[in-house]
Amino acid sequence: MHDIKFIKDNSSLFDAILKKRNISSHSKEILFLHQEYLDNLKKTQGLQEKKNSLSKMFSPKLNQKEIEKIKSDVTKIKKELDELKNKTDEKKNKLNQILLEIPNLVDDKVPIGKSEIDNIIIKEVGKINKPDFKIKNHVEILEKNNLLDYNKASKLSGSRFSVLRSSLATLHRALVNFMIDINVTEFQYEECIVPELVKSDCLTGTGQLPKFDEDLFRTNFNDLWLIPTAEVPLTNFHREEIIDSTKLPLRYTSFTNCFRSEAGAAGKDTKGLMREHQFGKVELVSIAEPNKSMAEMERMIECVEMILKKLNIPYRLVELCSGDLGFSSAYTIDLEVWMPGQKKFREVSSCSNCKDFQSRRMKMRAKNHGTGEIYYPHTLNGSSIAIGRILISIIENYQQENGTISIPDILKNYMKGITSIGSK
RNA sequence: GGAGAGAUGGCAGAGUGGUCGAAUGCACCGGUCUUGAAAACCGGCAAGGAUGCAAGUCCUUCCAGGGUUCGAAUCCCUGUCUCUCCGCCA
């Protein structure tokens, strides 16, 4: 959500920054609407003042005539106020509706570009293995070993769902535990278990609503929606709160299932664990002082990198260009891992600094009790890591010529002594 | 699912029709005292918005949405959430 005062004082800058996302100018329309709203608001407040003062004049000692006069005057004002209030609300709602659908302003650091083609590879880490046997993709390997069962999955739920069995399920669980452990003990994130159904207000807060409802699953129970990422509940922890600034930064981590309709992805990544309606993910969320959020972001990326290093999987850092940046983000770095089956790097994590965009939307503020200052803290989120996709990478990178998959050293303690899965 | 109680400032907690944006305590901030600190004492301390150079003035908000009333934190209705008891249940 954008600060109307900022738009007023910097309208051409505002439009220029939006243009980086290939979005046309908005400020003129917004400011016009805002002025209309203000005009109505002033009138409304004037009438309210009148009404209040009339009520204050009321006293049982007044004579009948005076009392009747006040009553009828107030009734008249109330009627007028009703209309005016409706009009004011209408303007305000219209303005809000527009503001809620405008994406975050991109940071100066973000490279300008149209699509993912213009993203910038910052660095590549780890050596890509080129074994001298024929590499299989994860679906081939896992289905052959009865570890991934699409007959069962489609019977239960249709396409874009998976059933993971026996040692593959164990490996999934091992990854979750490994990642949460390291986030808690090495990186000082607070471990949380959170609802996977949330109210629409939460989704508006983080930016999925109102614009992207098609990507989400909604239930027919109250106003509850399945979360597309744990970013939603974790970031909304402090919605409509004023946080004591000495408590910042706040760091939370959680494993949840994530649910996405994949509405616009027909035909994309149709096989395997790559793109599913339900997938597991460990998420990191930080709430930071505005002047420290970029440093916090670097720290967050290092946390995710550490996991990939410990898993010993080749990866690269990609700086998203303005045209590929997510709605709520001001600056995003993706982490992509090598997937031998596709001979491509694919995204397993996306770390974003949303600055004050989400905190404004959810009215999350911080207060410095020394100075009395109240301000919007910055929010950051990053995956650490999407389990389904990192599984693909592990399976494909650790596959052996004999069709088995060896277990990364770091996970062996989490695997009940299993050092290899699949049969020869 | 049945019966009952409740939701007030950062927290605790008073307030049942006007003088209430709201007592009091704690926390927090400033000061006095002290070599320093603590204690004690004095003062300050909700948020959002409009207007104004500013001081200030005004509007809104006591879970949310409706209603009654000249006037609502307070009365009525609906919803949400919390707690207690009973039933059921992983």
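Everything numeric here is computed off the predicted structure, so don't read it as measured data. Note on naming: letters A, B, ... go to the chains in the order of the sequence lines (proteins, then strands), and numbering restarts at 1 for each one.
- Remark: B/G4 base-pairs with B/C83; criterion is Watson-Crick or G-U wobble with both hydrogen-bond distances under 3.5 Å.
- Annotation: side-chain hydrogen bond (donor to acceptor under 3.5 Å, both in side chains) contacts of A/E347 (sequence neighbours excluded): none.
- Of the listed nucleotides (B/A50, B/A47, B/C70), B/A47 has the atom at the smallest distance from the side chain of A/I242.
- Summarising the local packing, NZ of A/K309 is surrounded by more than 12 heavy atoms from other residues, nucleotides or ligands at distances under 6.0 Å.
- Atom NZ of A/K199 and atom P of B/G79 are 15 Å apart (whole Å).
- In this structure, A/L81 atom CG and B/U60 atom C1' are separated by 12 Å, rounded to whole Å.
- For the P atom pair drawn from B/U34 and B/G44, the interatomic distance equals 24 Å after rounding to whole Å.
- Closest approach to the A/S55 side chain among B/G71, B/A47, B/U80 is made by B/G71 (side chain taken as heavy atoms from C-beta onward).
- Comparing the same atom, C1', in B/G9 and in B/A46 gives a spacing of 5 Å after rounding to whole Å.
- Across all strands, A/L41 comes closer than 4.0 Å only to sugar-phosphate atoms, never to a base (heavy-atom distances).
- Applying the ring-ring contact (aromatic ring centres under 6.0 Å, His included) test to A/Y375 and every residue at least two apart in sequence or in another chain returns nothing.
- Using a 4.0 Å cut-off, some side-chain N or O of A/N52 falls inside it from OP1 or OP2 of B/C59.
- The base-pairing partner of B/G25, taking Watson-Crick or G-U wobble contacts with both distances under 3.5 Å, is B/C11.
- Residue whose closest nucleotide on RNA chain B sits further toward the 5' end, between A/Y376 and A/I67: A/Y376.
- B/G30: Watson-Crick or G-U partner is B/C42, with both key distances under 3.5 Å.
- Atom CG in A/L38 sits about 20 Å away from atom P in B/C58, given to the nearest Å.
- The interatomic distance linking A/E240 (CD) with B/G10 (C1') rounds to 16 Å, in whole Å.
- Ranking B/A50, B/G48, B/G71 by closeness to the A/K42 side chain, first place goes to B/A50.
- When Watson-Crick and G-U wobble pairs are counted only if both distances are under 3.5 Å, B/A73 pairs with no nucleotide at all.
- If you check B/A47, B/U80, B/G49 against the side chain of A/Q45, the one that comes closest is B/G49.
- One P atom belongs to B/U8, the other to B/A14, and the distance between them is 11 Å to the nearest Å.
- In this structure, NZ of A/K51 is placed 6 Å from P of B/G71, rounded to the nearest angstrom.
- Contact annotation for A/K56: no contact, since no heavy-atom pair falls under 4.0 Å across all strands.
- Computed from coordinates, the A/K71 NZ to B/G18 C1' distance equals 15 Å when rounded to whole Å.
- The distance between atom CG of A/L197 and atom P of B/C81, rounded to the nearest whole Å, is 13 Å.
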